[in-house]
Each structure stands twice: as C-alpha cells, then as structure tokens.
Undergrad: 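Dropping a structure here in structure tokens format, bear with me for questions.
Fair warning: this is a prediction, and the values are worked out from it, not measured in the lab. Whatever order the structure lists ligands and atoms in, that order sets their numbers, starting from 1.
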Amino acid sequence: MRLDRILANSGLGSRKDVKKLIKNARISLEGEILTDPGQNIDEDKREWLYLDNEPIRVQEWLYYLMHKPAGFLTAMNQTDETGQSTLGDLVPDFFFHKKIVPVGRLDKDTTGLLLFTNDGTLHHRLLSPKYKIPRTYEVSIEILDHCFNEDDVKAVALGMDIGLGERSGPGELIILGPDRSRLTLYEGKYHEVKRIMEALGKEVTSLHRLSYGPIILGDEKPGQIRLLEPSEIEAMLQACGLDPA
Ligand code: URA
C-alpha cells in the first residue's frame, strides 16, 4: 500500500497533511527518511514506520461481505431491547474489537449483499452519492396498479418524486417479468427502493441486493460471511477513487 494512504489511515491526518510530514522529513522506515508519498510499503515492513522518534501504530483494514438473511436488523448491538435479532448476533466477536461495521443498511426483510469494513475513508465513499457507486437489487412486487412496463423504466431513468420532499437519482430498471425487475441505483436514500416502487404503484414483496460497486454476491449462503479477495478490494478502492497500491 502507498505510504501516504498508510499514514492517513493511521490517523495522522488527511493525505495533504501526511504529505507535509513526508516533505518535512519526519517519516522514516528502518532509520531511513522516506521522501516519496507514493512509495509502496510492504506489509511486513509497516511496523517499522516512525514519525520522528515514535513508531506509527499502523491500522489494519479489513473488508468482508455477508449474505444478509431476512429477519435481522442492520445494527451491531446484539439482539436489541425489543427482542429483535440483529446482525450483531451473526458476526464473529473480533468484528466488535476491530470496529468492523456494515456499509449502510438493508431493511430487516431485505436479503443479499452487505459489505463490512473498518476502513473509514472507503466506508464514507461507498455511501456518498458523490461517488455514484451502483447498487443492484432484484425486486419482486405485488401489482397494485400495473405490471412493470416501459413507462416505469423511463420514470426510474429520469428520477422521480419519492415523497418526503425527495427525488430519486437516475437509475436503471430492467424488467424480468410482470412482477419482477432488476433495479440499479447510484445512491442509497432511506428505503429508496420501496419508495420508488410505491411511486410506481407497486408494493415490494421481496428485495434482494445482488451487488454493490464491483462486489457481486456469489453462492454464499444466507448468514455466510467471507473476507473479500485482494482483487475485489482493489476494484472497490478504485471505484471509490482511492489508490490501492
Ligand atoms: N431500499 C429499500 O427500500 N430497502 C433496502 O433494504 C435497501 C434499499
């Protein structure tokens, strides 16, 4: 990983701040002053990074995906005071120590891909509408008004009034059947899919997230959690404008 990203991730300030530290010859590795913010630092060397005469406590960034099962609240406290099951009941204990948290929320009844990380910069960018990270859902509906049609596709593409004084951003709707579709959004407003469907005269009967940015749910079983592959992490950082090297 690049020196400036390691330092910024370790809480020494923004990328701009840490570049200044490097420029001022305050960062060293095994006694040698480092001058290039873009220098790649091998994983096994990171513990020998120093700021002035103090070792830098390098953060460990971890990235996971979960196939979220239905019936669990996206919350990290374990079974909540109302007795409802939460994702905190499903994750291993070290998620709490390492402060690994879900990226955004899925509703209690929603299933599918949920990312987890303790990388604050990435977490923020994955959620920020500024980075337009696509989220794709498979949506089944009860038809209250009409089945999926081309007018729905156009309305989703333009963005629509979804109530509470908000509009959805432009999205893509692919019709899979009269009551089934695939919807891609580039933002994540509160209950956005359900509010879009309601505005289209439909009620969601099942909602499943297939992908988030470049990360695609595979054959993981509901409740299964796995570490992302290095290639997946790289693609995700790139999608968020972060330099993986
Ligand atoms: N939109 C919703 O309405 N619910 C979800 O769980 C995710 C997106």
Undergrad: Which protein residues have a heavy atom closer than 4.0 Å to any atom of ligand 1, listed by chain and number?
TA: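 Only Leu106, Asp107, Thr110, Tyr137, His191, Glu192, Val193, Lys194, Leu207 have heavy atoms that fall under 4.0 Å of ligand 1, ordered by chain and number.
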Undergrad: For residues 63-74, run the donor-acceptor check on the side chains, cut-off 3.5 Å, and write out each pair with its distance to 0.1 Å, sequence neighbours left out.
TA:
| unit_1 | atom_1 | unit_2 | atom_2 | d |
| --- | --- | --- | --- | --- |
| Tyr63 | OH | Asp119 | OD2 | 2.5 |
| His67 | ND1 | Glu220 | O | 2.8 |
| Lys68 | NZ | Phe72 | O | 3.0 |
| Lys68 | NZ | Asp107 | O | 3.1 |
| Lys68 | NZ | Lys108 | O | 3.0 |
| Lys68 | NZ | Thr110 | O | 2.8 |
| Thr74 | OG1 | Leu106 | N | 3.1 |
| Thr74 | OG1 | Leu106 | O | 2.6 |

Undergrad: Considering residues, nucleotides and ligands other than Arg15, do more than 12 of their heavy atoms fall under 6.0 Å from its CZ?
TA: yes
Undergrad: Between Arg135 and Glu192, is there a side-chain N and carboxylate O pair less than 4.0 Å apart?
TA: no
Undergrad: My understanding is that only residues two or more places apart in sequence, or in another chain, count here; which of them pass side chain to side chain contact (heavy atoms under 4.5 Å, CB included) with Leu158?
TA: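 Side chain to side chain contact (heavy atoms under 4.5 Å, CB included) check on Leu158 returns nothing, list empty.
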Undergrad: Between CG of Leu122 and CD1 of Ile233, what distance do you get to the nearest 0.5 Å?
TA: 9.5 Å
Undergrad: State which residues pass ring pair (Phe, Tyr, Trp, His ring centres under 6.0 Å) with His191; sequence neighbours excluded, sorted by chain then number.
TA: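 Checked His191 against ring pair (Phe, Tyr, Trp, His ring centres under 6.0 Å); zero matches.
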